[in-house]
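Okay, so here's the structure we're looking at.
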Amino acid sequence: MIRLYQFERTWGIPNLSPFCCKVETYMRMAGIDYEIISALPADAPKGKLPYIDDDGKIIADSHFILMYLKSVYNDLDGSLDNMQRSVSLAMQHLLEDHLFWCAFYSRWQYTDENWHVNRDAIFGKLPSLIRYFAAWHTRRKIRNRIIAQGIGGHQAEEIFTMGKQDIDALSGFLGNKPYFLGDKPTVLDASAFGMLVNIIGCPIESPLKEHGSAKNNLKDFVARISQNYYPDLQSV
Ligand SMILES: N[C@@H](CCC(=O)N[C@@H](CS)C(=O)NCC(=O)O)C(=O)O
């Protein structure tokens with residue numbers, strides 16, 4: 001059975017990492033059996049979670065994991081036409097390479113309150129001697145990464161303005177459809193759920209969360225995916 005290495009569950013959502021949540025959600029949508037192994041990024045082959053071990057075959061990065069699952073197990077994008085594939089890829093980049101950074105900023109940099117909630121969820125179970133050093137060191141590393149990516153050069157208000165535009169685009173594209181590309185779940189839904197549940201459904205307060213929570217179709221989408229695919233997580 002596939003072993004999925006990801007952060008321990010917290011906050012009543014599938015995962016505090018949008019990328020881990022994306023992979024697990026895809027597996028559930030596609031009916032692929034797996035077991036979860038709780039891990040930290042330091043153990044991962046590329047220094048980030050998630051990664052999988054399928055009978056000795058190790059694959060890291062949600063993009064490559066989903067490519068593998070689609071080719072070996074079940075391809076939920078199989079019936080998409082070329083236009084839908086193009087839109088799906090573009091939207092995944094909006095979610096994972098743009099909106100992600102705005103949400104990331106809200107957790108690691110925006111307020112001390114958010115940082116403490118984030119810190120306790122990720123590092124809380126480490127032995128006390130290394131917990132604070134690991135948290136401090138990782139926060140510094142991530143602050144530099146946010147600056148290097150470019151988004152960290154903006155003011156908080158500007159960062160959230162950009163994030164809200166992404167939310168508007170997602171809400172506008174989803175419209176009244178049950179899934180982003182129609183009646184059936186695809187990779188894009190797994191990606192969108194991973195990101196949106198991590199904005200709307202987690203205890204990190206920001207203008208991004210307020211804006212996302214005010215979009216009824218996105219809120220319903222998160223609730224629908226949670227109910228349909230995570231009936232075991234009551235509080236999602
Ligand atoms: N492109 C990667 C991104 C994975 C990623 O950024 N994972 C984060 C958690 S959300 C992580 O493990 N970060 C640890 C670190 O950067 O030290 C994917 O799609 O899997």
Side-chain angles (χ1 to χ4, degrees), residues 2-11 13-27 34 36-54 57-70 77 88-110 114-115 117-126 130-152 163 186-204 206 208:
I2 298 177
R3 297 174 143 212
L4 168 60
Y5 290 81
Q6 60 177 7
F7 294 95
E8 198 162 307
R9 284 208 208 288
T10 187
W11 299 338
I13 64 173
N15 210 272
L16 57 68
S17 157
F19 303 101
C20 296
C21 187
K22 168 187 163 190
V23 170
E24 185 174 4
T25 302
Y26 186 84
M27 286 172 154
Y34 63 93
I36 292 175
I37 312 284
S38 292
L40 285 172
D43 310 322
K46 292 183 182 171
K48 291 185 183 194
L49 295 172
Y51 70 98
I52 62 164
D53 179 344
D54 188 11
K57 192 166 173 54
I58 310 281
I59 301 162
D61 194 294
S62 68
H63 184 73
F64 293 114
I65 295 170
L66 262 56
M67 278 177 65
Y68 173 80
L69 297 177
K70 285 162 71 177
D77 284 354
S88 173
L89 189 63
M91 283 271 169
Q92 286 173 61
H93 285 302
L94 176 148
L95 285 155
E96 299 175 21
D97 296 326
H98 193 264
L99 181 54
F100 166 75
W101 288 98
C102 304
F104 205 44
Y105 168 83
S106 73
R107 283 187 187 185
W108 291 83
Q109 295 295 316
Y110 179 47
N114 285 357
W115 158 240
V117 172
N118 187 43
R119 179 196 64 192
D120 294 347
I122 297 174
F123 303 100
K125 291 209 172 138
L126 291 178
I130 59 168
R131 186 186 315 153
Y132 287 101
F133 174 73
W136 174 83
H137 173 75
T138 308
R139 193 184 194 198
R140 227 168 67 127
K141 185 179 74 176
I142 283 179
R143 189 196 61 198
N144 291 339
R145 212 179 277 167
I146 289 172
I147 291 169
Q149 191 274 344
I151 208 147
T186 65
V187 166
L188 177 54
D189 297 293
S191 171
F193 176 70
M195 189 59 61
L196 291 171
V197 77
N198 266 286
I199 292 173
I200 294 172
C202 76
I204 299 291
S206 76
L208 209 52

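Order of appearance sets the numbers: ligands from 1, and atoms from 1 within every ligand. What's counted below: heavy atoms across the whole structure, side chains too, no hydrogens, waters or symmetry copies.
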Could you grab the distance from atom CE of Met27 to atom CD1 of Ile2, nearest 0.5 Å is fine? 4.0 Å
Sidechain N-carboxylate O distance under 4.0 Å for Lys46, Asp61: no
In terms of relative ring orientation, are Trp115 and Trp108 parallel, tilted or perpendicular, with 30° and 60° separating the classes? tilted
So, Ser191 versus Glu96: side-chain donor-acceptor pair below 3.5 Å or not? yes
Pairwise, report which nitrogen or oxygen atoms of ligand 1 are under 3.5 angstrom from protein nitrogen or oxygen atoms, and how far apart they are.
residue	atom	partner	partner atom	Å
ligand 1	1 (N)	Asp61	OD2	2.9
ligand 1	7 (N)	Leu49	O	2.8
ligand 1	12 (O)	Leu49	N	2.8
ligand 1	16 (O)	Arg145	NH1	2.4
ligand 1	16 (O)	Arg145	NH2	3.3
ligand 1	17 (O)	Lys141	NZ	2.9
ligand 1	19 (O)	Asp61	OD1	3.2
ligand 1	19 (O)	Ser62	N	3.3
ligand 1	19 (O)	Ser62	OG	2.6
ligand 1	20 (O)	Ser62	N	2.8

Side-chain heavy-atom pair Leu16, Cys202 within 4.5 angstrom cut-off: no
Take the angle between the ring planes of Phe104 and Trp101 and call it parallel below 30°, perpendicular above 60°, tilted in between. perpendicular
